[in-house]
Amino acid sequence: MTTSALAIETANADDFDEMNGFLGSLFHQTLDTEAQEAERPIFEPERALQIRDGSDLVATAIAFTRTLGVPGGDLAAAHVSMVGVAPTHRRRGLLTAMMHHQLRQIYDSRREPVAVLWASEGRIYPRFGYGLASQRYHVSGETTELRLPAPTPGEGRLRLDRPTDRQADLARVYERVRADRPGWSARDDRWWRYVLVDPQAHRGGATERRVVLHEGPDGVDGYGLFRTKAEWDDGGPNSLTTVDEVVASTPAGYLAIWRMLLSLDLTRRLAWMRAAVDEPLLRLLDEPRRLNCRLVDALWVRVVDVPAALAARRYATDIDVVIEVTDHLLPENTGRWRLRGGPTEATCTPASGPADLACDVRCLGELFLGGVTPTALAETGRLRELRPGAPTATGPAFTWHRAPSAMEIF
């Protein structure tokens, strides 16, 4: 059977339950009604692709309409998710057909210069032009010997509450901090309800999620979402604290929240899956090795419209460079582009002169959030130096004062 025998179709709202169950089976998860109902409001059927073999659903891919924090601002970005192919229909080109179709749709709409996703397996998406744009630390360590700086007078007050009861406070703090964080996605009310849903079936024997809020002189300026799981061994209590998010707009709030999370009674261990690579906690602890940080991938970015994307972000220093780009899936991006910009503005226009650098569109995705330098990519051989010294000269501009990170898996 060839891919041409099976058509790519746009879903409708009534397809949500079937698509959700289909993806759950592919990811070896039992369908949970509470979680499914939380996901229904964020489903966009007009951006959901499906392939059927007769009446059987055999492949899906969707996109969410959201904005993404990029160096110096915000950018509309297609948030790609729910990508999967039935095990009965693998190796038939269905995934390739859907990803090509989706990218063409995003490009033709002219709404979103980039697409972003989490990869279930890192080997899949580079062939569609996605580059590893941000990384994270997966923390799984012991807390018994960790020490933070002592409290100082006037640090503020901590309060415990139910996250859903404090959604408005969490949203205000999140948006305040997000303005300076490449890689964080905007959350409207629908997305906050989705992020805060806490199905009992997903807790793995742990408590319901709780929130600790820090109140400073101007009100709530930080929060931490967490849960605990009671465990005991021959030595006594050995309970686990699992952290989902810590967001604070002040150093005092950040420190106070972590001081509580690391010293909960009867807990001895900490798990945290999405720590930023420049996380302040790693500089505050007296023995960060105890956290057993493991560096793993986070967001993958696909530059869909090269000139629009490169002009939309800002650059840490002035830059004037001609980049020769190759894009086999979206040939409109192939060519030479002159990027000029700095901390306050940028332009990207077609260039007729010689190029300084050459790369494929995947490299641009890796560079886009400031998580890697042109020099590092040149050392892989995937970015070519056409003018001597160009990677070194342009490197500082592509970085940013905050490392890109990601707060949620969508």
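We number each residue from 1, following the sequence as shown. Everything numeric here is computed off the predicted structure, so don't read it as measured data.
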Let's go through Arg127 and Tyr130 carefully: what are the C-alpha distance in whole Å and the side-chain angles of both, what is the deciding distance for side chain to side chain donor-acceptor pair (under 3.5 Å) to 0.1 Å, and is it a yes or a no?
CA-CA 7 Å; Arg127 63 187 179 182; Tyr130 284 86; over 6 Å; no
Is it true that His328 and Asp360 share a donor-acceptor pair across their side chains at a distance under 3.5 Å?
no
Check whether the side chains of Asp32 and His202 place a donor and an acceptor atom closer than 3.5 Å, and report yes or no.
no
Determine yes or no for a side-chain-to-main-chain donor-acceptor pair under 3.5 angstrom, with [X] supplying the side chain and [Y] the backbone.
X      : Y      : answer
Arg382 : Glu379 : no
Arg336 : Gly353 : yes
Arg193 : Ala38  : no
Asn292 : Ser140 : yes
Arg227 : Thr207 : yes
Asp356 : Val322 : yes
Arg362 : Gly131 : no
Ser134 : Leu299 : yes
Glu385 : Gly389 : yes
Glu208 : Gln200 : no

Are [X] and [Y] close enough for a salt bridge, meaning some N to O gap below 4.0 Å?
X      : Y      : value
Arg176 : Asp221 : no
Asp320 : Arg338 : yes
Glu279 : Arg136 : no
Glu408 : Arg66  : yes

For the pair Glu44 and Arg190, evaluate salt bridge (Lys or Arg N to Asp or Glu O under 4.0 Å) and give the outcome as yes or no after the intermediate values.
CA-CA 12 Å; Glu44 300 177 46; Arg190 297 171 307 128; 5.1 Å; no
Gap between atom [atom2] of [Y] and atom [atom1] of [X] - 0.5 Å precision:
X      : Y      : atom1 : atom2 : result
His101 : Glu9   : NE2   : CD    : 10.5 Å
Asp305 : Leu310 : CG    : CG    : 9.0 Å
Arg259 : Arg147 : CZ    : CZ    : 12.0 Å
His214 : Tyr254 : NE2   : OH    : 14.0 Å
Asp180 : Trp400 : CG    : CH2   : 8.5 Å
Leu262 : Thr144 : CG    : OG1   : 11.0 Å

pair [X]-[Y]: side-chain heavy atoms closer than 4.5 Å:
X      : Y      : result
Arg123 : Pro126 : no
Leu75  : Phe368 : yes
Leu213 : Leu170 : yes
Val372 : Phe398 : no
Arg302 : Phe128 : no
Leu146 : Ser263 : no
Leu196 : Leu225 : yes
Gln102 : Ile8   : no

Run the side-chain contact (heavy atoms from CB on, under 4.5 Å) check on Ile51 and His89 step by step: do they pass?
CA-CA 11 Å; Ile51 298 176; His89 287 66; over 6 Å; no
Tell me whether [X] at atom [atom1] has more than 12 heavy atoms from other residues, nucleotides or ligands lying less than 6.0 Å away.
X      : atom1 : value
Glu345 : CD    : no
Arg162 : CZ    : no
Arg90  : CZ    : no

Closest approach of [X] to [Y] (non-hydrogen atoms, all atoms of both residues):
X      : Y      : result
Val114 : Val301 : CB-CG1, 4.3 Å
Val116 : Ala77  : CG1-CB, 4.3 Å
Ala86  : Leu26  : CA-CD2, 4.1 Å
Ala271 : Leu240 : N-CD1, 3.9 Å
Tyr107 : Asn333 : CE1-OD1, 4.3 Å
Pro113 : Ala76  : CD-O, 3.4 Å

Given Phe43 and Asn20, is the side-chain contact (heavy atoms from CB on, under 4.5 Å) satisfied, shown in steps?
CA-CA 10 Å; Phe43 180 66; Asn20 202 38; over 6 Å; no
Is the positively charged end of Arg166 above the ring of Tyr223, judged by distance under 6.0 angstrom from the centroid and angle within 45° of the axis?
no
Does Tyr315 have Arg313 sitting over its ring (NZ/CZ under 6.0 Å from centre, angle to axis within 45°)?
yes
Between Arg52 and Asp15, is the salt bridge (Lys or Arg N to Asp or Glu O under 4.0 Å) condition met? List the steps.
CA-CA 12 Å; Arg52 292 183 179 274; Asp15 293 319; 3.6 Å; yes
Applying ring-ring contact (aromatic ring centres under 6.0 Å, His included) to Tyr174 and Trp184, what does each step give before you reach the verdict?
CA-CA 9 Å; Tyr174 180 86; Trp184 288 21; 5.3 Å; yes
Would Arg181 and Asp278 satisfy salt bridge (Lys or Arg N to Asp or Glu O under 4.0 Å), going step by step from the backbone distance to the final call?
CA-CA 11 Å; Arg181 263 300 192 187; Asp278 62 349; 3.1 Å; yes
Test log, rule side-chain contact (heavy atoms from CB on, under 4.5 Å), inputs Leu148 and Trp258:
CA-CA 8 Å; Leu148 287 167; Trp258 273 112; 4.0 Å; yes
Going by the ring-ring contact (aromatic ring centres under 6.0 Å, His included) test, name the single residue among Phe64, Trp300, Phe410 that passes it with His79.
Phe410
Step-by-step side-chain contact (heavy atoms from CB on, under 4.5 Å) determination, Cys359 to Leu377
CA-CA 9 Å; Cys359 67; Leu377 292 178; over 6 Å; no
Applying the side chain to side chain donor-acceptor pair (under 3.5 Å) test to Arg209, which of Thr242, Asp244, Asp198 qualifies?
Asp244
